[in-house]
Amino acid sequence: MRAVVKLGGALFRREPNVTSLKGMGRALGGFVEDGNQLVLVAGGGENARTYIATARKLGGDESTCDLLGIQITRANAELVRLAIGSMASSKIPTTLSDLPHFVGSGKAVVMGGLQPGQSTNAVAALAAEITRAEILVNGTDVDGVYTEDPKKNPKAKLIRSVHVDKLLSWAMGGEVFAGRYELLDPLAIKIMQRARIPTRFVSLGDPGNIIAALQGKDIGTKVVYS
Ligand code: UTP
């Protein structure tokens, strides 16, 4: 199977948790050992937001802040690469055009951001499109897509399947500032839509959730296209 997994910022705390990273690395390394093709995209998390906020206060423009965020996502990707160990490719691709060459190695390929003006969710969608992934699993800090932000409203309900048009209408109302791209930025959804990428949102809390989604189990929120 060909898969892409986005590892959201929740995995990368201010002080990264070695046990969580090892657990994730073991589970994903096992998936590759079973003969599957895997691209991982690391998010920026708390450190990206902290650096971006500091750069903005120092007068940095949004593109510079985005570039700083990209550097942090690549540092996070490096941690994931180390956590996977020998089943991970030794280098992090920094352009999309490099990616198809990397995936031929039989190892997990880990990457971070690519260019300003988008989030790592857009990177994950582009990676899924160019590697013809059969599934894109988006690991977040909640169990899937909710009717509202569950951290702001505890009455928010988990949606088990969501139409791509609905996601796009939500994303269009979101912000496009460095460090503040919403759950999904419009570019990410547009790419998912044009390539009709089978996508599922799950919680990163347990690596077993990611593996279950990769195995096609009905977990979290599924994106539907028709
Ligand atoms: P993320 O996409 O991880 O943003 O990249 P996020 O909102 O922190 O998402 P989580 O934490 O994964 O949930 C961090 C920042 O890096 C820049 C953006 O500024 C983004 O907010 N970035 C990332 C880019 O400019 N381009 C990219 O391709 C990726």
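We count residues from 1, following the sequence as given.
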Can you name the residues that form a side-chain hydrogen bond (donor to acceptor under 3.5 Å, both in side chains) with D143, not counting sequence neighbours?
->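 Checked D143 against side-chain hydrogen bond (donor to acceptor under 3.5 Å, both in side chains); zero matches.
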
Cut-off 3.5 Å, side chains only: do [X] and [Y] have a donor facing an acceptor?
X    : Y    : result
Q115 : D66  : no
T64  : D61  : yes
Q118 : D185 : no
N138 : N121 : yes

Identify whether [X] and [Y] are in the same connected component of the hydrophobic contact network (ILVMFWY, side-chain heavy atoms under 4.5 Å).
X    : Y    : result
I72  : M24  : no
V202 : V41  : no
I191 : M111 : yes

V109 and L40: side-chain contact (heavy atoms from CB on, under 4.5 Å), yes or no, with the steps?
-> CA-CA 6 Å; V109 180; L40 296 162; over 6 Å; no

Taking the basic N atoms (NZ, or NE/NH1/NH2) and the acidic carboxylate oxygens, is any pair closer than 4.0 Å for [X] and [Y]?
X    : Y    : value
D98  : K91  : no
E148 : K157 : no
E78  : R81  : yes
R13  : E46  : no

Is it the case that the side chain of [X] and the backbone of [Y] share a donor-acceptor pair, with hydrogens and angles ignored and the cut-off at 3.5 Å?
X    : Y    : value
R160 : G220 : yes
N17  : T19  : yes
R56  : C65  : no
T199 : I197 : yes
K6   : G43  : no
T221 : G144 : no
T73  : A42  : no

CE-CZ distance between M1 and F31, expressed to the nearest 0.5 angstrom =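 It is 6.0 Å, given to the nearest 0.5 Å.
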
In the hydrophobic clustering (ILVMFWY, side-chain contacts below 4.5 Å, transitive), which residues join L82, or is it alone?
->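 In the cluster with L82 there is nothing else; it is isolated.
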
Where is the tightest heavy-atom contact between [X] and [Y], given as atom of each residue plus distance?
X    : Y    : result
G112 : I92  : N-CG2, 4.3 Å
P186 : L168 : O-CD1, 4.1 Å
P207 : A27  : CB-CB, 3.7 Å
F102 : S89  : CD2-OG, 3.6 Å
L68  : Y51  : CD2-O, 3.5 Å

Show your reasoning for whether side-chain contact (heavy atoms from CB on, under 4.5 Å) applies to V123 and L126.
-> CA-CA 5 Å; V123 175; L126 288 164; 5.7 Å; no

Could you tell me whether R132 atom CZ has more than 12 heavy atoms of other residues or ligands within 6.0 Å of it?
->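 Counting neighbours around CZ of R132, 12 or fewer heavy atoms of other residues, nucleotides or ligands fall under 6.0 Å, so no.
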
Please say which of L7, D141, V5 ends up in a side-chain contact (heavy atoms from CB on, under 4.5 Å) with L204.
->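 It is L7; the other options fail the test.
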
